[in-house]
Number of protein chains: 2
Amino acid sequence: MDLKALAKANPDHWSKATAIRALTLDAVAAANSGHSGMPMGMADVATVLFEKHLKFDASAPNWPDRDRFILSAGHGSMLLYSLLHLVGDAQFPIEELKNFRQSGARTAGHPENFLADAIETTTGPLGQGIANSVGFAMAEEMQRAQYGRKIVDHRTYVIAGDGCLMEGVSQEAITLAGRHKLGKLIVLWDNNNITIDGPVDLSDRTDQVGRFKSAGWQVIEIDGHNPDEIDDALTQAKKGSKPTMIACKTHIALGHAAQDTSKGHGALTDPEQLKDAKAAYGWTTGPFEIPADVKTAWEEIGKRGAAEHAEWQTRMDAVSNSKRAQFERAYALDVPKKLSATIKAFKKQMSESAPKLATRASSEKVLEVVNPIMPETVGGSADLTGSNNTKTGDLGVFDIDNRKGRYVYWGIREHGMSSAMNGMVLHGGIRPYGGTFMCFTDYARPAMRLAALMQVPTVFVMTHDSIGLGEDGPTHQPVEHLAISRATPNTYVFRPADTIETAEAWEVALTSKTTPSVLSLTRQGLPTVRTEHKNKNLTAQGAYVLAEAEGKRQVILIATGSEVEVALKAREALQADGIGTRVVSMPCMELFAEQDEAYRRKVLPAGSAVRIGIEAAVRQGWDQWLLGERGRAGKSDFVGMDRFGASAPAEELFERFGITAQNVVSKAKALL
Amino acid sequence: MDLKALAKANPDHWSKATAIRALTLDAVAAANSGHSGMPMGMADVATVLFEKHLKFDASAPNWPDRDRFILSAGHGSMLLYSLLHLVGDAQFPIEELKNFRQSGARTAGHPENFLADAIETTTGPLGQGIANSVGFAMAEEMQRAQYGRKIVDHRTYVIAGDGCLMEGVSQEAITLAGRHKLGKLIVLWDNNNITIDGPVDLSDRTDQVGRFKSAGWQVIEIDGHNPDEIDDALTQAKKGSKPTMIACKTHIALGHAAQDTSKGHGALTDPEQLKDAKAAYGWTTGPFEIPADVKTAWEEIGKRGAAEHAEWQTRMDAVSNSKRAQFERAYALDVPKKLSATIKAFKKQMSESAPKLATRASSEKVLEVVNPIMPETVGGSADLTGSNNTKTGDLGVFDIDNRKGRYVYWGIREHGMSSAMNGMVLHGGIRPYGGTFMCFTDYARPAMRLAALMQVPTVFVMTHDSIGLGEDGPTHQPVEHLAISRATPNTYVFRPADTIETAEAWEVALTSKTTPSVLSLTRQGLPTVRTEHKNKNLTAQGAYVLAEAEGKRQVILIATGSEVEVALKAREALQADGIGTRVVSMPCMELFAEQDEAYRRKVLPAGSAVRIGIEAAVRQGWDQWLLGERGRAGKSDFVGMDRFGASAPAEELFERFGITAQNVVSKAKALL
């Protein structure tokens, strides 16, 4: 590349873009780690985007009607941090950049949404940003339909690299965006032809233009270092009724000795090469120093959106109080006041009618009362609507001609669905839940982890939660998936035993602002075990005494979900033999662990009673409740799964694997 | 559809295809569950494939040079079972079909590779079959290059549905296949335009033809009910130098009242409708009855490949003894005799030189001695070759013009890589291992679970296994992934402490025939802790006493991987204070759990010693070793992670999260 020609052709642009490159070089050198090449390659694109197109106000990075900027290629975090510093975001003074990748800095190795207001989403695991962005763009469509374009009218811009596009989830994302004609979604592909292992060609020769077109996208190909081409492409993209992919041909690590090589992807820290690169840029100031005129120009860009923001505020102030309250409530992730009463009334009714229902059907019943009072909920399923029971009567289907629809047919895209749901929460104003078979937690995992890490309360409705699924066999029968979700920090895993507990689980999930929830629900019918109505949400305590021992307490059975019924039957048999047996229902281990010790000891007292855990899943995670505190005299055992399931009718499988009241009774007696 | 016209146009074909439809209807009716529509829709395609193209011998379904037939749309299992019964596979008598989806039957809800010789792979989780098939096709190319086309020369055929193509992993698979011009891979797409939620259009409008072309595939579009078009397309596909996708326009549940509807996807059990469908087919025999002439015709098809098989055997018999022995050894998943001695010699050398190495580098050292003596190993990485240390000098890179290459640049496709590796093992003759960052276990999960379920010894090389990864931050720092893999049945999770344990872990992984292995390896350097050479593979016992207490044993520290160093330092400090401290290294919990009780008690004796587990990960899975047996008087604690990590230099993170010798000492003293 002839850098001098570039600089000469557009000197103002050049100096602004070079500021990003210089800051990147300096920060990576200071940290002695990081990824230099991407920010250096995409600096021109980002500069034009921020200067001429992105609607934002550096003084109010959380303004609801801002355009969203998502750095899907999260390793290039210095691009984002440089931009935020340059435009004058108060959370990104130069000290933050000097502390790049250091303990306590906002400038983490990869952008973390919880560290700064302007960071829309956490990226790094490739493909997640582009998949989130589908949720951002859907949320905008939904909110615009609901509140009107005076209040909601913004775009979602994504910078994605080759890695993002190679990950399978990107295909799920782009086909969803194409299907729904998300015309306000614009992806800028950093087409630098380099991955860590070498040229992209080593591992991939996909015609990305053809691929995006096959998914229903507009595609524009440009020189990613030519500001006019970038500007024109963005102008054209904004006019499209389809999502747009702009293929930006770039040079990774532009101007550095490592330009156009895989070495350029990583940390470029050699001081001589850094000096040479800056010289080639014509950049003469010291490390972390931006010439005053360049900084001023960037700060002007940062103020560009202030007027738009103010105008929006004026329009917002004119909106009716109730509409505005709803908008703000949903953005704040507050629940409507009447949710609590609604859930209580529902529980009362269910305690009285005591239906025998699969908890997936219980969940539908809960949603039937919740969705009408929470216009911010958006349901969906990865092509298992009838099985996941996620669609209630009033939602309407989200589609090109029905942006008010609150139900999404996600297709067979568990990962894309989950990641887009995270995007919806991050966008603001939407509380999404989505269903699949629990076994396909495996497909959704990368997004489920990120929900937990990002502290977004996405709800994963995981039905068919054990061998109770029956004939479909071991590929579809979760055994380790409860343990998997429980192992994940900041995740509530609910396994409700009946309709009441399901309602309580939903109430916790819907009131959570920072923790995602997994609802583990049965395919098979379960009796109502909570026939005595209690206003209190017992599930919120994680575990509680469902049935007390009569006589001396010799046995404590601890069970979840479908196995609570097994425990109650076993208790009956044990009590008939004069063995006092308590049944503890434990719908959420995480919440139980959060209770104070006094409560925990009340539910699971020390002492000599035999403890048996019952759950049609692996034992991992149970020992804390079974083996208990040091010196406890009581023996313990576990009734569950220690292998994969099998294909057969469900009742036979419970027999075969010994998840029966009879087996529980035998084990209890053997230990007494 | 005018079934009469179809029948009249090709009566012989029609009756053969109808046999599949009738058996499907009967079996689903008998089971009262299952998926009728796909076998009924794809019966014509499958019939022509088996009759005229697929190289197979029903009497020898495991013949190494057979074509592979993969039912990626595994829910349509009755298609496969019908075919296997009809062609006379001895494992599929009619009784098996009558027992469809029942306990103990080979005819599980979804095809399970371990239940019958002719079932090449387990499918059901969508997209897995098509992703496996890339591994099958690569394995064929590799083996053909190694042994010559007289011994290895076969194709891989896949039937995939809309669900397979919507899953992101299919994009990873088809772009890999296109990149490597896997011309002997042929995908038959059941283009029936129906998913469970309704028409495909509800959730997807992808131009699949354009998509596959963008990935470098030949695409042929046909009427999937026209046997001549099917035949011609297969003939053309077999000539291609690119992989071929045949888009077969079909009618789901052809001829049934539910034809062309999402209801047709599932179990069609209504007796009247079943009767009507059979009448429309002109099918007059009773349930599970095949007219003699039709059965005979199918059995002739089953014998079609016998001559080819015999000729192949003759050619195989002419191959040199050594080459043949190697071929057969690799197919049997036996290791070369000298592996054991090689590992021992390596261990001895390493014990003596006692290098300080990251275990990912230790792993590379092991591979440097293993790969030359095991020509069946195939290495690779999902674009992290230099970080995963998976490439050794002698492997050569697998490419279009170098099919002998044993290293695969998988690109940023953790899921596709893992699934293709499973396919390689299932194909036979290859022992693959592949690397990524351990955190991206999340992306690979669906395939890692299937490796365990399918009982294939794929090796997952997971480096950067803790906060020791440092600055890249929490998106890249596993904390729950050890627990996730440990929760999965039939999976060995190794977390070696040094080069010796890494070699031992590799030895177990490479000698395993039915269990996949996860190698959890550090980014950061670790000292050699096993400085005294022992021939015995101590890692194969799962845990062992690494350092004995001096004086009265008051503390037992149990640690894995990088935390063994922490334990040894803590022991030093405790011993200095006169506190007798044993250090147990526990590189593989699963193997330790498999030891007899006497050994386990020897390593972790009952009694009053304080136990502290140390692992830079969540506690889940540890309680079994810490809380231990009933009535144990000793207290216990755990030093690890109870939250996500952070972005900072690694040493600072270990300090911040308290994973230090000092903290271990404090905790031990607090408990004493």
Can you name the nearest heavy-atom pair linking A:Arg611 to A:Trp625, along with the distance? NH1-O, 2.7 Å
Tell me which of these, B:Ala215, B:Gly109, B:Pro446, has more heavy-atom pairs under 4.5 Å with chain A than the rest. B:Pro446
According to the interplanar angle, ranging from 0 to 90°, do the rings of B:His75 and B:His265 count as parallel (below 30°), tilted (30 to 60°) or perpendicular (above 60°)? tilted
Could you have a look at B:Ala31, B:Gly168, B:Gly127 and say which one has the most heavy-atom pairs with chain A under 4.5 angstrom? B:Gly168
Using heavy-atom distances under 4.5 Å, tell me whether B:Glu655 contacts chain A through its side chain, its backbone, both, or neither. neither
B:Arg486 vs B:Gln620, test: side chain to side chain donor-acceptor pair (under 3.5 Å). Steps then yes/no. CA-CA 10 Å; B:Arg486 286 174 184 150; B:Gln620 192 190 88; over 6 Å; no
At their closest point, which heavy atom of B:Ala105 faces which heavy atom of B:Leu115, and how far apart are they? O-CD1, 3.9 Å
Non-hydrogen atoms of chain A under 4.5 Å away: do they reach the side chain of B:Cys439, the backbone, both or neither? side chain
Measure across B:Pro199 and B:Ile194 and return the closest heavy-atom pair with its distance rounded to 0.1 Å. CA-CD1, 4.3 Å
If one checks every heavy atom of B:Pro478 against chain A at 4.5 Å, the contacting part turns out to be backbone
Contact class of B:Arg619 relative to chain A, heavy atoms under 4.5 angstrom: neither
Indicate the ring-plane relationship of A:Phe212 and A:Trp217, choosing parallel, tilted or perpendicular according to the 30° and 60° boundaries. perpendicular
Give the member of A:Leu453, A:Thr475, A:Asp383, A:Ile196 that has the highest number of heavy-atom pairs under 4.5 Å with chain B. A:Asp383
What orientation do A:His110 and A:His35 show, parallel under 30°, tilted 30 to 60°, or perpendicular over 60°? tilted
When heavy-atom pairs shorter than 4.5 Å are enumerated against chain B, which of A:Ser214, A:Ser77, A:Ala648 gives the highest number? A:Ser214
Of the listed A:Val200, A:Thr122, A:Asp201, the one with the largest count of heavy-atom pairs under 4.5 Å with chain B is A:Asp201
Between chain A and each of B:Tyr443, B:Trp622, B:Tyr409, count heavy-atom pairs under 4.5 Å; write down the option with the most. B:Tyr443
Over all heavy atoms of both residues, which pair between B:Val479 and A:Pro489 is shortest? Give the atoms and the distance, please. CG2-CG, 3.9 Å
Tell me, for B:Thr123 versus chain A, whether the close heavy atoms (under 4.5 Å) come from the side chain, the backbone, both or neither. backbone
A:Gly416 backbone acceptor or donor facing A:Glu172 side chain under 3.5 Å: yes
For chain B, which of A:Gly74, A:Ala646, A:Gly163 has the most heavy-atom pairs under 4.5 Å? A:Gly163
Of A:Thr441, A:Asp207, A:Asp197, the largest count of non-hydrogen pairs under 4.5 angstrom with chain B goes to A:Asp197
Output yes when a side-chain donor or acceptor of B:Arg179 lies under 3.5 Å from a complementary backbone atom of A:Arg205, and no otherwise. no
Side chain, backbone, both or neither: which part of B:Ala452 has an atom under 4.5 Å from a heavy atom of chain A? both
Can you tell me which of B:Gln102, B:Lys213, B:Met448, B:Arg413 forms the most heavy-atom pairs within a distance under 4.5 Å of chain A? B:Arg413
Under 3.5 Å, is there a donor-acceptor pair between the side chain of B:Gln477 and the main chain of B:Gly470? yes
Donor-acceptor under 3.5 Å (B:Ser647 side chain, A:Ala108 main chain): no
Which one, B:Pro474, B:Gly411, B:Gly124, B:Ala483, leads in non-hydrogen pairs under 4.5 Å with chain A? B:Pro474
A:Glu480/B:Arg449 under salt bridge (Lys or Arg N to Asp or Glu O under 4.0 Å): CA gap, chis, key distance, verdict: CA-CA 10 Å; A:Glu480 71 273 43; B:Arg449 178 179 212 249; 2.8 Å; yes
Do you know which of B:Thr175, B:Thr206, B:Leu202 has the most heavy-atom pairs under 4.5 Å to chain A? B:Leu202
Proximal component of B:Ile400, with respect to chain A [non-hydrogen, under 4.5 Å]: side chain
Heavy-atom pairs under 4.5 Å with chain B, option from A:Leu176, A:Thr107, A:Thr195 with the top count: A:Thr195
Check: A:Asp399 main-chain N/O paired with A:His180 side-chain donor or acceptor under 3.5 Å: no
What part of B:Thr385 gets within 4.5 angstrom of chain A, counting heavy atoms only: side chain, backbone, both, or neither? both
Structural part of B:Ser33 lying under 4.5 Å from a heavy atom of chain A: side chain
Quick check on B:Leu165 against chain A: is it the side chain, the backbone, both or neither that has a heavy atom closer than 4.5 Å? neither
Toward chain A, the part of B:Gln208 with a non-hydrogen atom under 4.5 Å: neither
Using non-hydrogen atoms and a 4.5 Å limit, figure out which bit of B:Phe440 sits close to chain A: side chain, backbone, both or neither. side chain
